[in-house]
Structures are given as structure tokens and as C-alpha cells.
Amino acid sequence: MIALSSDMKLYNSLSKNIEEFVPLNAPHVGMYTCGPTVYSYATIGNFRTYLTSDLVVRALKFSGYNVEFIMNLTDVGHLTGDNEGDADTGEDRLEKSAKKEGKTAWDIADFYTKAFIKDFDELNLTKPQSFMKATEHIPEQIELIQRLQKNGFVYQISDGLYFDTVSYEKITGRKYGELSSLDKILEGARVEPNLEKKNPRDFALWKFSPENQKRQMEWDSPWGIGFPGWHIECSAMSMEKLGETFDIHTGGEDLRATHHPNEIAQSEGATGKLFVKYWMHSAFLKVDGKRMGKSLGNAYTLTEVKEKGYDAMALRYFYMTGHYRSPLNFTWEALSAAQNALNKLRATFASTEKLDEEMRTELSEEKLQKITDFRQKFTQSLNDDLNTSEMLSVLWEVAKSNIPSPDKRDLLLLFDEVLGLQLDVKPEEGPVPSDVLDLFEKRKIARENKAFFESDTLRDQISAKGYTVKDSPDGTSKLSKSFTFKD
Ligand code: AMP
Ligand code: ZN
């Protein structure tokens, strides 16, 4: 750990500026991340956003802060209409998925929660102090709605209780939706507007169960049987754990348009205080330059990535090649390059020596200076709104440098506290990915046919995927993972 740093700069979506990070109550930092809706497997897109949160937590810890990190799991009440720009209409995602899979909504939530946490761990993401489930905090949500009601921000229509954004602005003098541009919210709406709502921007706090229909997930409330609106859980649970004002709130950039403005309105409407000081949003992951989507068949999961023979840590490395606020394009080629880079780094680490302090010889001035420079450069990149690609390039400079082996080892481990690549894990041989095997087979045939140009090209393609081909004088060839790098 490094001494408490006040040099950290982060982009705050609220002010739309890079700001110096000054926590409310240093060295304590309270941080909340909007978690997944557990109705299907999380995609590698979702995990890009959670990787950003993980990096924030690791960077803060590296800089000497004590981080209290909370994340929710939406296991009720997130309606499908959100895809069309209106989170208050459509079917409950969990109940819909339950119908499709012939299970109960509770089973669906339980199954996908477990799957999510498994992937979360495999990606070496820092576990929050608690994964808070919306269904386990219904009384807190009801209580928050009652506070809003007392303050005059709630009205009831036939399908539920709604937050009144106009009276919120009138009574508090605050502006609704500062995080996003309001036009965006309206533009996105493709569904029929609910004509009973006083204003299209108003949103559900509590929805009634449809008449003559028993939902699988429903609760009694002072207003009738029903379930909470999607947004209220995050306000209720974050404030319950982190207090009415806390430091950092993160999520994907799509949440900036409605979910987060709604969280702010609900929380500040209830407490009259600032809800969150710094808002951070992660840009979306694309696949082959296109939007990710289940219907497009490109909403890959970590399991699919691993089935193709890649390490979860290669995905992690790939995420960090881009800045969290810029869109990142996933391709299998880019993942292969990341796997290759990871293999080389792990091989470098494995070749370093571990030495006890007393065994070390004194370092020359020049080498000491180099080590200090590396540390400084790394910290500067981290402080520069989490410039991960720069952090990785400093890691590479260390890997390729001529500083003594034990010092190299220490520095790589120190930087890995933030990067989380598990460099100290021995590279696993694992199964050879099928695309590499295909290339290897093709090369065999090319050699048999004496098509040497083609066979060389195939060797290069195999090498780009992190594998080496060794030809023996008897004409046979061997395939192995490459663990060395030339420079
Ligand atoms: P959801 O389960 O739909 O509530 O999404 C969980 C989190 O993943 C949210 O913070 C979303 O903003 C984020 N997310 C969804 N799709 C992507 C994507 N393609 N790239 C990055 N983050 C995403
Ligand atoms: Zn949320």
C-alpha cells in the first residue's frame, strides 16, 4: 500500500468534469455499484462495467483508502419495457424468464445469482462487503416511499404509485435529471405512454399486482399488494449501508439516462441532502463493431469465452486495453492478442527470483532510480482517471527492464494489486482452443503438400494466438503454448 494519495483525479458524470477525488470522510470511502438483473447469464458486456467498478475499488485501496463497497442484485421488478425506453411497463424480467424456463421466479433468481457470482470470482473482481438482494430489503423500500409521500412527491394511479418529478422540482428547487439530457429519455421511448402519469418522466415507486392475478413475487404494502419499482431498491439499499450521502456510485453508461437520475430524485427527495458526490459510468462493450444483443447472437458469456480456450484473465487484460469511458470493441482476435500478452507476462513473472531481504545486494543508483520512476509512472496513470492502457504499458516496461529479478518480481506484484491479472498464477496449459487446432491441422496438410509459404503463414497465425509450433527432423510437429517474448 502507498501513502494516502490526494492526487487521484476521476471523471464525475455529475459535473461532467475531471475532478480531484476528495472523499467525504477520508480515509473512508463509500461506494455503490448497480448490479445485474438476475434473470439470465451476465454477458461480457455487463462484466466490462463490473471490471470498471473493481478497478475503482482496487485503485482506491492502492492509494490508501478504506473502501466500503456495496452492490445490489435486482431479483424483482425490473420490467421488460425498459428496453423500449419505459422501465414501468411490460413484464417482470424474472417472471418472464421463469415462465420460459418452467421454473419459479425465485429459482431463476437463485440460479442466475450463483452463476453471476461464479463468473465474478473467476474474473478476480473484488467482492463487495455485501451483494444486497432487492427481495431481502422490501421494508426499507416501502419506508423510503413513505418518506417521499410525506414530502409530497408521490401520487397514485390505477397501476401503482409514481414519483412526481414536477413537484420534486417545485418543492426542492432541484433539477430532475441532471445526470442525463431529458430529451434522451423521451427519444428512447417507443412504447405507448401511460396516459395516467402526470408527466412522461414520472416513474413507478410501487406497482400493484394485476387484479385477479397472483404474481410469484409480491408483497403487502400500505397501498396494496404489489412489488417495488426498479429504481427504488438502489436508493433504499445504498443509503441503508452507506448513509444518506456517500462518495461514489458506478454503473454502465445506459443507467445515466433514467435509472441514476431517478435514484438521485428519490434519495434527495427523501433526505434533502446530496445523495452521491462522484458518479462514474462505464462505456459499453461492442462486438465486431456492433451493439451486443441476445438476438444478434453476440452476447457472449464468460463460459463461452472459456470454452474457446481463453483464460478469464485474458478477458480482464483485454478490458484494460481501453479506457473505461471509451467504447471498447470485442473481437476474438483482440482476445487472442490479450491472451498472448498475458501468457508472456506470466512467463516473465515465473522466471523472476524470490529473495529474502537480507540476501539482496545493494542496487546501483541507476537501478534505484528506474524503480522509483516505474512506481511514479504507474501511480500517475492510475491517478489520471484510471488510465489502464498506460498502467499496462508501465507493467510491460517493468517486465522488459533490466532491474534485478527480485525487484522486478516485487514491482509486478505491486502493480498487479490494481490490475488483478493474477500474474503469480502458474500458466496453465489447458485445452488447446479449437481454432488453433484447426490451423495446426491445416499447416500439417500444407507441409505434406510442400506448400511452404502457406505453412509459414499458418505458423504466424498460430503464433498470434499464443501458440508455438516446433518441427522435428522426422517431419512431425509439436504444438505448445508460447511463454517467451522477443524484444
Ligand atoms: P442489467 O443486468 O441489464 O441491469 O445490466 C447490468 C450492468 O451492465 C448495468 O450497469 C449496465 O449498464 C451494464 N451493461 C449492459 N450492457 C453492457 C455492455 N454492452 N457494455 C458494458 N456494460 C453493459
Ligand atoms: Zn441502481
Side-chain angles (χ1 to χ4, degrees), residues 44 47-48 51 55 122-124 285-289 300 302-323 328-352 378 381 388-401 408-409 411-413 415-416 418-444 454-471 477-487:
I44 59 171
F47 279 113
R48 179 183 195 205
L51 187 271
L55 281 170
E122 283 187 29
L123 280 164
N124 199 19
L285 184 75
K286 293 183 168 185
V287 173
D288 296 321
Y300 302 125
L302 180 62
T303 305
E304 285 167 311
V305 163
K306 288 192 331 187
E307 275 168 6
K308 284 203 179 247
Y310 297 101
D311 241 293
M313 287 304 99
L315 182 61
R316 199 178 157 102
Y317 186 102
F318 162 73
Y319 287 140
M320 292 192 290
T321 57
H323 189 258
L328 184 66
N329 188 31
F330 176 87
T331 61
W332 292 107
E333 289 72 30
L335 188 61
S336 292
Q339 178 76 63
N340 212 6
L342 177 73
N343 293 347
K344 288 169 180 171
L345 283 169
R346 283 183 167 171
T348 306
F349 181 82
S351 70
T352 57
F378 186 83
S381 323
T388 46
S389 60
E390 269 302 309
M391 283 148 82
L392 284 176
S393 64
V394 183
L395 188 76
W396 275 104
E397 280 183 50
V398 172
K400 293 177 178 180
S401 73
K408 186 180 280 192
R409 185 182 182 90
L411 266 189
L412 291 176
L413 277 182
F415 296 168
D416 206 30
V418 183
L419 300 169
L421 290 168
Q422 300 178 324
L423 293 180
D424 49 346
V425 169
K426 259 204 155 6
E428 251 183 61
E429 277 293 327
V432 180
S434 58
D435 54 342
V436 176
L437 283 177
D438 286 349
L439 293 171
F440 185 62
E441 281 309 311
K442 274 191 200 151
R443 185 172 177 276
K444 245 196 222 161
E454 192 191 343
S455 118
D456 283 350
T457 309
L458 286 161
R459 180 207 287 274
D460 290 345
Q461 287 173 4
I462 293 170
S463 157
K465 290 183 184 287
Y467 283 79
T468 307
V469 186
K470 262 207 181 118
D471 298 322
S477 306
K478 223 179 131 223
L479 189 64
S480 60
K481 240 180 183 171
S482 352
F483 289 121
T484 51
F485 62 91
K486 313 172 215 109
D487 201 82

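Just so you know, residue 1 is the first one in the sequence shown, and it goes up from there.
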How far does [atom1] of [X] sit from [atom2] of [Y], to the nearest 0.5 angstrom?
X      : Y      : atom1 : atom2 : answer
Ser381 : Met391 : OG    : CE    : 7.0 Å
Lys286 : Leu328 : NZ    : CG    : 10.5 Å
Asp288 : Asn329 : CG    : CG    : 6.5 Å
Gln461 : Ser336 : CD    : OG    : 11.0 Å
Lys470 : Ser477 : NZ    : OG    : 12.0 Å
Asp435 : Ile462 : CG    : CD1   : 10.0 Å

Practice task
Start with the C-alpha distance between Glu441 and Asp438, add both sets of side-chain angles, then the distance that settles side chain to side chain contact (heavy atoms under 4.5 Å, CB included), and finish with yes or no.
Solution key: CA-CA 5 Å; Glu441 281 309 311; Asp438 286 349; 5.8 Å; no

Handout entry: Under the ring-ring contact (aromatic ring centres under 6.0 Å, His included) test, residues paired with Tyr317 that sit two or more places apart
Key =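 ring-ring contact (aromatic ring centres under 6.0 Å, His included) check on Tyr317 returns nothing, list empty.
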
Handout entry: Listed partners of Phe378 passing ring-ring contact (aromatic ring centres under 6.0 Å, His included), at least two apart
Key =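 Listed in chain order: Phe62, Phe415.
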
So do [Y] and [X] actually touch side chain to side chain, heavy atoms under 4.5 Å?
X      : Y      : answer
Phe349 : Arg409 : yes
Leu55  : Met320 : yes
Leu479 : Leu437 : yes

Minimum heavy-atom distance [X]-[Y], with the two atoms named:
X      : Y      : result
Leu302 : Ile44  : N-CG2, 4.1 Å
Pro433 : Gly309 : CG-CA, 4.1 Å
Trp396 : Lys344 : CH2-CB, 3.8 Å
Leu395 : Leu412 : CD1-CD2, 3.7 Å
Ala338 : Ala314 : CB-O, 3.4 Å
Tyr310 : Gln339 : CA-OE1, 3.3 Å

Handout entry: Plane angle bin for Trp332 and Tyr300 - parallel if under 30°, tilted between 30 and 60°, otherwise perpendicular
Key =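 Ring orientation, 0 to 90° scale: tilted.
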
Taking [Y]'s backbone N and O only, do any of them form a donor-acceptor pair with [X]'s side chain (distance below 3.5 Å, no angle check)?
X      : Y      : value
Asp416 : Gln422 : yes
Lys308 : Ser434 : no
Arg346 : Leu421 : yes

Exercise for the section: Take Leu315 and Leu123 through the test side chain to side chain contact (heavy atoms under 4.5 Å, CB included) and record every step on the way to the result. Expected result: CA-CA 8 Å; Leu315 182 61; Leu123 280 164; 4.1 Å; yes

Practice task
Take Leu342 and Arg316, measure what side chain to side chain contact (heavy atoms under 4.5 Å, CB included) needs, and give me the verdict at the end.
Solution key: CA-CA 10 Å; Leu342 177 73; Arg316 199 178 157 102; over 6 Å; no

Practice task
Could you give me the CA-CA distance, side-chain angles and deciding distance for Leu285 and Phe318, then say whether side chain to side chain contact (heavy atoms under 4.5 Å, CB included) is met?
Solution key: CA-CA 11 Å; Leu285 184 75; Phe318 162 73; 3.9 Å; yes

Handout entry: For Lys306, side chain to side chain donor-acceptor pair (under 3.5 Å) partners two or more places apart
Key =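 So Lys306 forms a side chain to side chain donor-acceptor pair (under 3.5 Å) with Glu122.
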
Problem - Basic-acidic side-chain contact under 4.0 Å: Arg443, Asp471 - result: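 Salt bridge: yes.
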
Problem - For Lys465, the option from Leu439, Leu335, Asn340 that meets side-chain contact (heavy atoms from CB on, under 4.5 Å) - result: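 Only one option passes, and that is Leu439.
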
